[in-house]
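Sequence lines set the chain letters: A, B, ... in the order given, protein chains first and strands last, and positions in each chain run from 1.
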Amino acid sequence: MSDTGKPLVEAPADAVAGEVVLRLTDVVKTFPGVRALDGVQLEVRAGEVHCLLGQNGAGKSTLIKVLAGVHRPDSGEVVWRGEPASFANPQAAMRAGIATIYQELDLVDDLSVAENAFLGHEPRRFGFVRRGHMARRTRQILARLGHPEIPPGRLVRHLPAAGKQIVSMARALSHEARLIIMDEPSAVLAHDEVANLFRIIRELTAQGIAVIYISHRLEEIREIGDRVTVLKDGRTTAASLPARETPTRDLVARMTGRTIEYVFPQRPADHGGGAELLRVDGLTRPGEFADVSLRVRAGEIVGIAGLVGSGRSELLETIFGARRAHAGTVRVNGRTLRPGSVGAAVRAGMGMAPEERKSQALLLGEPIYRNVTLATFGRYARLGFTDAGQERAEADRIAESLELRPRDVRRPVRTLSGGNQQKVVVGRWLLGDTRLLLLDEPTRGVDVGARAELYQVIRDLAARGVGVLLVSSEVPEVLGLADRVLVMREGRVVREAPAGELDENTVLDLVMAGSLMEGAPA
Amino acid sequence: MSDVRESALPAQSPPVERAETAKVDAPAKLSWWRGDGGEGVKRNLGLLATLVVLVVIGILTRPDLYGDPNWVWGNTLTILKLASVVGVVTVGMTFVIIGGGIDLSVGAIVALAGVWCTTVATQSYGAGGMIFTALTVGLAVGVVNGLLVSYGRLVPFIATLAMLVAARGLAAEISDKQTQVSGNTFINGIASTNVLGIPLLVYILVAVVAAGWVLLNRTTFGRRTVAVGGNPEAARLAGINVRRHTVLLYALSGLCCGIAAVMLTAQATSAQAAMANLYELDAIAAAIIGGTLLSGGRGTIIGSLLGVIIFSTITNLFAINNLSAEAQNMVKGGIIVAAVLVQQVQFGSLTQFLARNRATTT
Ligand SMILES: Nc1ncnc2c1ncn2[C@@H]1O[C@H](COP(=O)(O)OP(=O)(O)OP(=O)(O)O)[C@@H](O)[C@H]1O
Ligand SMILES: [Mg+2]
């Protein structure tokens with residue numbers, strides 16, 4: 001068996017396109033106090049991309065964890081390739097041919113890329129791991145994923161969030177799978193990477209492999225999906241609709257039980273008139289971004305568009321003091337901030353919702369309200385004694401305005417669905433007197449309805465004089481929400497314009513022009 | 001409060017959610033007596049059950065002694081007295097571990113503080129001077145530990161291991177390897193005084209535990225401790241000064257050691273460089289048995305207290321049965337291993353196998 005020329009995933013020889021490989025009937029799964037799945041029906045055929053749609057907390061991730069052997073269903077039937085199946089653990093599901101990319105990264109930070117990709121099924125000979133072989137296979141998979149630049153030997157800890165997502169995809173592809181489940185894989189990916197992902201999905205389905213695809217972006221489902229199953233409150237409300245033909249109104253109505261206009265809030269007529277809140281001059285961190293200057297006025301929303309790796313997140317973290325700038329200054333209200341001090345930034349009224357919720361933002365075991373008030377609990381305290389009652393009341397208010405589900409703020413954050421965890425991260429900075437809000441991918445994993453709420457909340461904040469600096473991989477979001485847009489490429493700002501003067505294609509062209517027009521930063 | 005939330009639910013809200021709202025409203029009234037964590041309570045009940053089992057073993061092996069109520073009361077006080085010094089140290093240790101660190105130098109700090117407060121020079125200042133010295137020495141060494149860990153960026157294990165060696169060395173130097181007798185009747189009286197039939201040492205333990213509980217569960221300091229240990233990056237990005245807080249945690253541990261030094265000196269009416277030997281192990285073991293997560297971010301003061309009492313009950317059990325200290329250490333070791341195993345199964349560990357199942361918790 002030679003390594004070269006091997007297909008990405010060994011195609012199961014007996015895969016017949018169109019044959020039903022997976023059928024779920026009346027699957028129920030309860031957690032203490034929550035019926036996460038309450039009668040789910042699902043049918044998946046070989047070679048199709050079957051999309052799962054549903055609001056945050058609808059039960060999508062729970063469903064796929066049942067399929068992946070992480071959870072055992074309380075009742076209901078799972079038929080896998082014609083036989084009733086019950087996977088005792090994730091290994092059993094993998095052996096049966098089901099590979100899963102989880103919504104939350106589940107990589108081991110202190111192992112290398114290759115070790116993570118082959119975790120649990122390392123190629124062995126005489127009991128020894130074949131490291132060279134493993135590295136070669138990993139390199140192949142990464143190349144097929146369009147990321148030959150990720151070294152198989154690098155510790156995962158040192159990869160950016162998007163890189164980690166690639167590694168968890170590589171892990172799923174390292175198995176001989178007949179069904180690959182992807183739980184919001186595109187949430188962390190930029191536009192071009194999503195295109196890349198779709199190319200891979202098409203290769204997979206052409207080999208007869210079935211794909212279950214979860215995303216809150218309807219455009220994606222139209223582009224890649226074959227059929228759609230909609231979940232609402234743990235129940236299937238519509239099974240196997242045609243992905244391309246079903247009208248958006250129908251899908252949204254089945255997801256939410258109501259119709260939501262997916263629109264951005266109106267911009268005020270005279271934006272940009274407020275006093276200058278943030279002034280960044282010549283900010284530089286070698287290898288990340290160079291000579292970035294920008295302004296944010298009170299009441300203004302400034303968007304930053306750019307690819308993952310263009311230095312957007314690093315820029316935000318540096319402004320916030322979480323990284324120390326090599327050169328340049330950050331001024332808030334005319335006063336220069338002490339570099340490299342988050343405390344100074346917070347005291348100056350800044351808040352930042354970071355990119356990676358699990359590793360950078362949340363205390364998973366702590367209750368929701370304590371996560372919401374993590375940056376502000378000192379303000380509700382008297383003489384150092386915390387005021388749990390008031391904290392809960394404030395958190396309740398946030399939970400309500402962001403449609404957090406379940407609403408009970410005493411639950412551990414760990415038990416929330418991904419999108420709801422994201423709302424907690426953003427909600428943290430809606431409390432207190434934040435005057436300048438830095439948002440890094442604030443809507444990652446948030447469903448259509450809650451997203452509209454979140455946009456409105458952000459716009460309302462701006463109307464009250466808060467300045468917002470927004471980073472997002474979704475160009476329409478940046479264009480629709482921001483007043484002014486900066487386009488970043490390879491660590492430099494290549495264009496700055498009012499949002500009204502740009503359209504999606506212009507921005508995408510700018511973002512992806514690559515190094516044709518300008519050299520890489522020093 | 002609850003009706004506000006009811007009305008906030010959308011009209012077509014599913015029955016599932018409404019049932020749940022009703023379900024979780026009940027425990028709110030109970031929550032004043034515990035932290036909001038909740039799950040700690042169940043674990044503490046398990047520890048109480050362990051304690052009951054130990055007592056039952058005592059009754060079965062020495063029915064003669066347990067037949068006498070006076071003996072039982074006296075023995076209970078003996079156990080609590082035995083637990084008092086290590087208990088005070090364990091409170092500080094619990095904070096350090098919840099905050100994501102470890103303090104191997106506690107025994108050495110107790111010894112150093114004990115020796116320093118019993119030098120001829122210090123004793124000449126009277127009881128006030130001795131207590132002040134012990135607390136200050138403990139606090140100062142703790143601050144140095146904290147600075148080494150947070151600003152010197154040493155691994156806590158290494159920094160406090162070095163401090164263990166250094167502080168014992170300094171204590172030997174100061175005492176010239178001699179036992180220093182405390183001639184201060186007030187200090188010595190701390191160990192021999194009873195108030196309402198209960199030793200003063202036990203009151204001190206109760207006071208420190210109560211203060212620790214309030215500090216952990218009701219103050220901003222406690223909240224920062226959990227945040228810093230649970231997810232340091234998240235704490236930092238929320239504007240918490242992680243380094244300063246780390247220094248404070250080790251300082252608190254040092255202060256507890258200072259208090260413990262006074263108590264132990266009073267008990268022995270003397271101090272020497274070898275005192276409080278291996279207290280670090282007892283304190284860490286008690287905290288872990290009490291449910292404190294070694295990786296930080298979770299733990300309870302009550303659990304730690306129960307851990308200490310369980311250990312001293314075991315010691316007592318061996319003593320009343322005239323069994324050897326060696327056998328006793330083996331049993332203690334076994335209990336520690338069992339406790340850590342339980343913890344790993346409950347909370348997941350870093351091993352590959354469990355890491356792969358980590359999706360379960362998200
Ligand atoms: N371990 C758990 N313990 C308790 N409740 C849980 C647990 N895991 C999930 N839940 C609850 O089950 C419900 C479904 O969650 P799930 O993660 O499946 O949602 P989802 O559809 O994936 O949402 P999202 O789009 O936000 O990712 C939610 O109400 C969630 O709070
Ligand atoms: Mg999910």
Ignoring hydrogens and angles, state whether a donor on the side chain of B:T246 or B:S150 is under 3.5 Å from an acceptor on the partner side chain. no
Please state whether the side chain, the backbone, both or neither of A:A361 comes within less than 4.5 Å of a heavy atom of chain B. backbone
In terms of heavy-atom pairs under 4.5 Å with chain A, which of B:A227, B:P232, B:G222 leads? B:A227
If you count heavy-atom pairs under 4.5 Å with chain B, which of A:D387, A:T386, A:V346 comes out on top? A:T386
Which one wins on heavy-atom pair count under 4.5 Å against chain B: A:P354, A:G234, A:S359? A:S359
Heavy-atom contact with chain B under 4.5 Å, split by part of A:L383: neither
Reported CG-to-CG distance for the pair A:D408 and A:D396, which is rounded to 0.5 angstrom: 8.0 Å
May I ask you to decide if A:A117's main-chain N or O and A:S174's side chain share a donor-acceptor pair within less than 3.5 Å? yes
Charged N to carboxylate O under 4.0 angstrom, A:D233 versus A:R405? yes
What part of A:F320 gets within 4.5 angstrom of chain B, counting heavy atoms only: side chain, backbone, both, or neither? side chain
When every non-hydrogen atom of B:F95 is compared with those of B:I301, the smallest separation belongs to CE1-CD1, 3.7 Å
If only side-chain N and O atoms count, and only distance matters, is there a donor-acceptor pair under 3.5 Å linking A:T62 with A:H71? no
Using a 4.5 angstrom heavy-atom cutoff, name the option from B:E233, B:R224, B:R236 with the most pairs to chain A. B:R236
Can you say whether B:I240 sits under 4.5 Å from chain A via the side chain, the backbone, both, or neither, judging by heavy atoms? side chain
Least distance between heavy atoms, A:L231 atom then A:A58 atom: O-CB, 3.8 Å
Between A:S341 and chain B, which part of the residue has a heavy atom less than 4.5 Å away: side chain, backbone, both or neither? neither
